[in-house]
Amino acid sequence: MNVDANVSSRINLMRIVLISGIVFVHIPSDAASSPYDGTYGAFDWIRVFLTEALFRVGVPCLSAISGYLLFRSGQENFSYAKTVRTKAQTVFLPFLLWNCGFLAAIILATSIGVGDGYLPDPLSASGRDLMTQVLAVEDFPVNVPLYFLRDLFVCILLSPILAWLISRAPILTLTVLLAVALIPELEIYIVLKRSILFSFSLGIFIALQQFDLKALDRFAPVGVFLLLATSALLATAIFLTGPSLPDWVQFFRNALAIVGAVGFWLLSAPLIKTQLGQRLAKTGSLSFWIFCAHYPLLVFFWILWGKTDASFYPLFFVLSFALLFPFLALSNRMCRKNFPRLYAILTGGRTKRSTSPTAHHDASRKLVTQQR
């Protein structure tokens, strides 16, 4: 089954849009700037809307895209050995390099007294904790968002089993995985985020069944409205009950993170027809660069902010987001131009501007991020 040009462009568009949204989730804060205190009124609700509701869809949607692309040509054309070799270079190696690079920067910074109280101390960590910081064995790595690459690679390793189960008992398999994803506070240890395992499997199912990905495009206005409305409803529930959320709110949040992917996909239908959508769909490897590099840079901004006397958190929230993207776009362009081989390794071979789809809790005393 071939992916037509429209679907290909929409997948690229969704990557940059969702990854940009994930940046909101990781903008640092501390106890004094918690949105649940209501200090900044409507601004706090908007923070919750963006970080706890709307853009929690990002990781499940990206997972579904990955599962779909892996099996878009069918099981008969799937080579496990070739896939693992390829994904070790395009997924696992960048995970190691970006994460270890940030870990090295942390060691250097803490050795000269920069970032004390903001960063973990790898040199004093136990062997078990250090393994988790490096490889995300039991918890998030030091470069928090990269847990997605870790979980994605695990799903790729499990992909033949998942495809076999889905081809023989799709409803049962997806129902069980959905239940696992939705139950609050459940730990399965195979993946750090249970929604990734379900969404990746759902992507496999869509590919194997050869569903028409444009079949629901005519319902795009309704789908986008429902996404925004349910996200607003969830944000209100979280805002009123947080930070210790009752189980029903957690269940609602987990469900929207999965179902909301449909809304974002429907959003891509009208968006790809615009000039902005076309430009975003051609950003190519920039989306992967943003995903891997944004968290260390946000932490650096947070450390600098802590050295000032400023206390108006909305200013930091807006400025960090506004400064982040120009810096990442510039660094992406400079590295690609001046160090093409290094760039190819860091982006897992995603070297083109526009490509067709191919397939810790004690980290800081002051730093509090949304670890999604």
Side-chain angles (χ1 to χ4, degrees), residues 14 17-64 140 144-145 147-148 174-175 177-188 191-199 202 219-267 313-314 316-318 321 361 367-372:
M14 283 296 91
V17 169
L18 292 170
I19 288 172
S20 298
I22 288 172
V23 171
F24 279 113
V25 177
H26 296 116
I27 296 178
S29 64
D30 57 15
S33 55
S34 170
Y36 304 109
D37 293 338
T39 304
Y40 302 108
F43 173 79
D44 285 329
W45 183 89
I46 293 173
R47 284 173 60 195
V48 172
F49 173 78
L50 294 173
T51 64
E52 290 288 348
L54 183 64
F55 287 116
R56 281 182 59 89
V57 176
V59 165
C61 190
L62 291 172
S63 304
F140 296 105
V144 172
Y147 77 85
F148 170 68
L174 292 175
T175 299
L177 293 178
L178 178 61
V180 168
L182 293 180
I183 298 173
E185 305 300 332
L186 179 66
E187 297 290 344
I188 62 173
V191 291
L192 299 176
K193 287 293 181 180
R194 293 163 286 140
S195 61
I196 292 177
L197 184 60
F198 169 77
S199 299
L202 180 62
F219 301 113
V222 175
V224 174
F225 171 78
L226 289 176
L227 170 65
L228 296 176
T230 52
S231 296
L233 183 62
L234 174 61
T236 302
I238 294 175
F239 187 68
L240 295 176
T241 60
S244 298
L245 303 179
D247 286 347
W248 70 270
V249 176
Q250 293 186 50
F251 182 89
F252 184 11
R253 185 174 63 177
N254 293 345
L256 181 60
I258 294 172
V259 178
V262 178
F264 267 102
W265 179 251
L266 292 176
L267 172 63
Y313 182 77
F316 170 78
F317 190 90
V318 173
F321 191 82
H361 300 305
L367 177 62
V368 179
T369 59
Q370 304 295 327
Q371 297 188 345
R372 306 282 181 265

**Spatial distance of atom OG1 (Thr51) from atom NE2 (His26) [nearest 0.5 Å]** = 10.0 Å
**Test item: Phe316 and Ile27 side chains (from C-beta on) under 4.5 Å apart, heavy atoms** = yes
**Asked** Between Phe252 and Trp248, does the ring centroid distance fall short of 6.0 Å?
**Response** no
**Prompt:** Would Phe225 and Thr230 count as a side-chain contact (heavy atoms from CB on, under 4.5 Å) if you check the C-alpha gap in whole Å, the side-chain angles of each, and the deciding distance to 0.1 Å?
**Reply:** CA-CA 8 Å; Phe225 171 78; Thr230 52; over 6 Å; no
**Item:** Gln250 side chain vs Leu245 backbone, donor-acceptor pair below 3.5 Å
**Value:** yes
**Val57 versus Leu256, closest heavy-atom pair with distance** = CG2-O, 3.7 Å
**Prompt:** With side chains defined as the heavy atoms from C-beta onward, is the minimum distance between Leu50 and Phe321 less than 4.5 Å?
**Reply:** no
**Prompt:** If you look at every heavy atom in Pro35 and Val48, which pair is closest and at what distance?
**Reply:** CB-CG2, 3.9 Å
**Request:** Could you give me the CA-CA distance, side-chain angles and deciding distance for Lys193 and Phe148, then say whether side-chain contact (heavy atoms from CB on, under 4.5 Å) is met?
**Result:** CA-CA 8 Å; Lys193 287 293 181 180; Phe148 170 68; over 6 Å; no
**Prompt:** Considering all heavy atoms of both residues, which atom of Ser29 and which atom of Arg47 are nearest to each other, and what is their separation?
**Reply:** CB-NH2, 3.7 Å
**Asked** Would Tyr36 and Phe239 count as a close aromatic pair, with their ring centres under 6.0 Å?
**Response** no
**Whether Arg253 side chain and Glu52 backbone form a donor-acceptor pair below 3.5 Å** = no
**Message:** Do Leu62 and Ile22 make a side-chain contact, defined as non-hydrogen atoms from C-beta onward lying under 4.5 Å apart?
**Reply:** yes
**Sub-4.5 Å side-chain heavy-atom contact between Ile188 and Val180** = yes
**Prompt:** According to the interplanar angle, ranging from 0 to 90°, do the rings of Tyr40 and Phe43 count as parallel (below 30°), tilted (30 to 60°) or perpendicular (above 60°)?
**Reply:** perpendicular
**Request:** Mind listing the closest non-hydrogen atom pair of Leu178 and Ile258 along with its distance?
**Result:** CD1-CD1, 3.9 Å
**Qualifying residues under side-chain hydrogen bond (donor to acceptor under 3.5 Å, both in side chains), relative to Ser33, sequence neighbours excluded** = Asp30
**Request:** For residues Ala232 and Phe49, report the shortest heavy-atom separation together with the two atoms involved.
**Result:** N-CE1, 3.5 Å
**Message:** If I take atom CG from residue Leu202 and atom CG from residue Leu177, how far apart are they, to the nearest 0.5 angstrom?
**Reply:** 10.0 Å
**Request:** Please tell me if the side chains of Ser63 and Val59 come closer than 4.5 Å, counting only heavy atoms from C-beta onward.
**Result:** yes
**Request:** Could you tell me the separation between the CZ atom of Arg56 and the CD1 atom of Ile238, rounded to the nearest 0.5 Å?
**Result:** 7.0 Å
**Item:** Identified side-chain contact (heavy atoms from CB on, under 4.5 Å) counterpart of Ser231 within the set Leu228, Leu227, Leu233
**Value:** Leu227
**Asked** Between Tyr147 and Phe140, how do the two ring planes meet: parallel, tilted or perpendicular, split at 30° and 60°?
**Response** perpendicular
**Prompt:** What heavy-atom pair brings Phe55 and Val17 nearest, and what distance separates the two atoms?
**Reply:** CE2-O, 4.4 Å
**Item:** Partners meeting side-chain hydrogen bond (donor to acceptor under 3.5 Å, both in side chains) with Asn254 (sequence neighbours left out)
**Value:** none
**Donor-acceptor under 3.5 Å (Ser34 side chain, Ala31 main chain)** = no
